[in-house]
Visitor: 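First the structure, then my questions, so here it is.
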Amino acid sequence: MSGYKSKIQNEEIDFLYDAILKLQTREECYRFFDDICTINEIQSLSQRMQVAKMLKDRKTYQDISITTGASTATISRVNRCLNYGSDGYEVVLSRLEEDNKK
């Protein structure tokens, strides 16, 4: 993925991502995200990850909506990212799947 250039890339966002990459444990993630995000922001990010996992597992929009509470607009957005995005979800979901096999 070297050479990838995000539409929003700048020094401030690089600093944020570098900070996130310094986190080493789940507890550190909880502490950092509790400080930097609102509860609703964290829940929205978590919901999108669950939607992405369920889409990858070929669940229906209805099942996903019932299980996660996500709107069809959110499900569609995540699905569009999975199919036409920057492969960010794919990288993370694949790595999580690999970790679960160990």
Side-chain angles (χ1 to χ4, degrees):
M1 191 125 116
S2 67
Y4 176 76
K5 179 74 172 163
S6 171
K7 296 175 213 98
I8 61 168
Q9 190 170 349
N10 63 38
E11 283 185 38
E12 291 81 12
I13 294 175
D14 286 351
F15 182 73
L16 170 65
Y17 292 167
D18 288 344
I20 292 168
L21 288 168
K22 295 298 180 190
L23 300 170
Q24 297 179 353
T25 66
R26 184 176 290 153
E27 181 180 342
E28 287 179 358
C29 289
Y30 271 103
R31 290 172 179 258
F32 180 75
F33 284 97
D34 279 348
D35 285 348
I36 201 166
C37 295
T38 66
I39 291 171
N40 287 338
E41 289 168 335
I42 296 168
Q43 289 172 332
S44 291
L45 294 170
S46 172
Q47 182 186 66
R48 289 178 190 168
M49 284 299 302
Q50 290 303 313
V51 168
K53 182 182 181 311
M54 292 180 78
L55 284 167
K56 191 171 178 186
D57 292 342
R58 301 196 180 278
K59 303 295 183 192
T60 66
Y61 276 36
Q62 184 177 5
D63 288 342
I64 295 168
S65 182
I66 290 168
T67 302
T68 67
S71 68
T72 55
T74 296
I75 298 167
S76 292
R77 182 184 187 288
V78 172
N79 193 45
R80 191 169 45 256
C81 289
L82 283 170
N83 291 313
Y84 307 108
S86 304
D87 291 331
Y89 281 118
E90 185 60 40
V91 167
V92 171
L93 291 171
S94 294
R95 288 181 185 165
L96 287 169
E97 193 174 296
E98 287 172 17
D99 287 350
N100 286 335
K101 290 179 182 177
K102 293 179 183 176

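Since the model is a prediction, treat every value here as computed from it, not as a measurement.
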Visitor: Are Y17 and V92 grouped together when hydrophobic residues (ILVMFWY) are joined by side-chain heavy atoms under 4.5 angstrom apart?
Guide: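 They do not share one cluster, since no chain of ILVMFWY contacts under 4.5 Å joins Y17 to V92.
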Visitor: Give a yes or no on whether the backbone of D63 and the side-chain of T67 come within a donor-acceptor separation of less than 3.5 Å.
Guide: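 Between the backbone of D63 and the side chain of T67 there is a qualifying donor-acceptor contact (under 3.5 Å).
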Visitor: For a quick test of reading the model, state the closest non-hydrogen atom pair linking M54 to I64 and the distance between them.
Guide: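 Between these two residues, the closest heavy atoms are CB-CG1, 3.6 Å.
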Visitor: Which heavy atom in T72 sits nearest to a heavy atom in Y61, and how many Å separate them?
Guide: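 So the two residues come closest at O-CE2, 4.3 Å.
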Visitor: For F32, does the CZ atom sit with more than 12 other heavy atoms under 6.0 Å from it, leaving out its own atoms?
Guide: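 Counting neighbours around CZ of F32, more than 12 heavy atoms of other residues, nucleotides or ligands fall under 6.0 Å, so yes.
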Visitor: Following the transitive rule for hydrophobic clusters with a side-chain heavy-atom cut-off under 4.5 Å over Ile, Leu, Val, Met, Phe, Trp and Tyr, establish whether Y89 and Y4 coincide in one cluster.
Guide: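 No, it is not one cluster - the side chains of Y89 and Y4 are not joined through contacts under 4.5 Å.
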Visitor: Between E28 and Q24 (side chain of the first, backbone of the second, donor and acceptor by atom type, cut-off under 3.5 Å), is there such a pair?
Guide: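 Yes, E28 side chain to Q24 backbone: donor-acceptor pair under 3.5 Å.
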Visitor: Testing the basics here: between A70 and V51, what is the closest heavy-atom pair and its distance to 0.1 Å?
Guide: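 A70 and V51 have their closest heavy atoms at CB-CG2, 3.7 Å.
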Visitor: If you measure from CG on N79 to OG1 on T74, what distance do you get to the nearest 0.5 Å?
Guide: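 Answer rounded to 0.5 Å: 12.0 Å.
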Visitor: Do L45 and I75 belong to the same hydrophobic cluster, where Ile, Leu, Val, Met, Phe, Trp and Tyr are linked whenever their side-chain heavy atoms lie under 4.5 Å apart, directly or via other members?
Guide: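 The answer is no; the residues belong to distinct hydrophobic clusters.
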Visitor: Working to the nearest 0.5 angstrom, can you tell me the gap between D99 CG and E97 CD?
Guide: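 So the gap between those two atoms works out to 10.5 Å.
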Visitor: Check whether any side-chain heavy atom of V78 sits under 4.5 Å from a side-chain heavy atom of M49, and report yes or no.
Guide: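 Not in contact.
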Visitor: Any side-chain heavy atom of E12 within less than 4.5 Å of one from L16?
Guide: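 Result no, sub-4.5 Å side-chain heavy-atom pair not found.
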Visitor: Looking only at heavy atoms, what is the nearest atom pair of I42 and C37, with distance?
Guide: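 The pair with the smallest heavy-atom distance is CG1-CB, 3.5 Å.
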Visitor: Rounded to the nearest 0.5 Å, how far does CZ of R48 lie from CG of L55?
Guide: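 Result: 13.0 Å between the selected atoms.
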Visitor: Please tell me whether L82 and V91 are part of a single hydrophobic cluster in this structure, the criterion being side-chain heavy atoms less than 4.5 Å apart.
Guide: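 No, no single cluster joins them.
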Visitor: Has the side chain of S86 got a donor or acceptor atom that lies under 3.5 Å from a matching backbone atom of G88?
Guide: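 A pair under 3.5 Å: no.
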Visitor: Atom NZ in K56, atom CD in E90: separation rounded to 0.5 Å?
Guide: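 Here the interatomic distance stands at 4.0 Å.
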Visitor: Could you give the distance from CZ (F15) to CG (N10), rounded to the nearest 0.5 Å?
Guide: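 Going from the CZ atom of F15 to the CG atom of N10 covers 12.5 Å.
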Visitor: Find the distance between CD (Q47) and OG (S71) and round it off to the nearest 0.5 Å.
Guide: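 So the CD of Q47 and the OG of S71 are separated by 7.0 Å.
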Visitor: Surrounding CD1 of I39 (heavy atoms of other residues, nucleotides or ligands, distance under 6.0 Å), is the total greater than 12?
Guide: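 Not buried by this count: 12 neighbours or fewer within 6.0 Å.
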Visitor: Are L96 and Y30 linked, directly or through other ILVMFWY residues, by side chains that come within less than 4.5 angstrom of each other?
Guide: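 L96 and Y30: separate clusters.
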